[in-house]
Every structure is written in structure tokens, then in C-alpha cells.
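Report on one structure; see the data block that follows.
Just the heavy atoms: all of them, side chains too, but no hydrogens, waters or symmetry mates, feed the values below. The structure displayed is predicted, hence computed values, not measured ones.
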Amino acid sequence: MAPPDDMFGDEDYPAYTMGRAAEIVGVSQDFLRRLGEAKLIDPFRSPGGHRRYSRYQLRLAARAKEMVDEGTALEAACRIIILQDQLEEALRVNESLRKSTAD
């Protein structure tokens, strides 16, 4: 495991318990479980089997909550977020390839 100083800047470090994650995002623990079932987030499991969430996963959960609050079905919101993130990554890769071929 990384030293504590390295973990603070790591967006993917599973620092938050399910209860704390739900509190931060403003949702129920069941909502977080349902995001996992919809494959939006896959929380880390501690040796004791407890779910732990990263800051990146909390941002995804907050995006899903916002969409659900606006009337989008949870499963649809999760799929939209997944597709948006895939598009963003593809655009990043394309830009990187464009830059490397220009050199």
C-alpha cells in the first residue's frame, strides 16, 4: 500500500466508507448499492467485505444523483454517464494521437 502522503492526491484511493460516501453525496446507502448493480461504480472491498469508495466514484455518484433528481431513470443515468466518460476518453486518445503524428 502507498504511503499516506501519496494517497491524499489519488482520486482512485478508496478512502470513504459506504456511510460516509452516502453522506457526502447526499444519497442513501441503497442508492450507492444500486449504482454498483448498474455497473456505474465498483467499490473496493476491504478484507472484511465492507465497501469503500474513491473520490472519483463519489463524483460519478453525484452525477447520477443529479440526473435521477431531474427525472432520469437510475439505469439510464448510469448508462449515459458511462457513455459520456467513454467518449471523453476516446477524445483524449484521439487528441494524443493527433499530437504524436504532428511531431
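In this structure a side-chain-to-backbone donor-acceptor pair under 3.5 Å is present from Gln57 to Asp42.
Of all heavy-atom pairs between Ala15 and Arg52, the closest is O-NH2, 2.9 Å. The two atoms that bring Cys78 and Ala38 nearest to each other are SG-CB, 3.7 Å, heavy atoms only.
Applying the under-4.5 Å side-chain rule to Ile, Leu, Val, Met, Phe, Trp and Tyr, the cluster around Leu40 extends to Tyr16, Met18, Ile24, Val25, Val27, Phe31, Leu32, Leu35, Ile41, Tyr53, Tyr56, Leu58, Leu60, Met67, Val68, Leu74, Ile80, Ile81, Ile82. Alongside Leu91, the hydrophobic cluster contains Leu87 (criterion: ILVMFWY side chains under 4.5 Å).
Salt-bridge annotation for Glu75 and Arg34: absent, with no side-chain N of the basic residue lying under 4.0 Å from a carboxylate O of the acidic one.
Pairs of residues two or more places apart, or lying in two chains, that qualify as salt bridge (Lys or Arg N to Asp or Glu O under 4.0 Å) and include a residue from residues 78-99 are Arg63-Asp85, Glu88-Arg92, Glu89-Arg92, Glu95-Arg98.
In this structure, the separation between CZ on Arg33 and OG on Ser28 is 8.0 Å, given to the nearest 0.5 Å.
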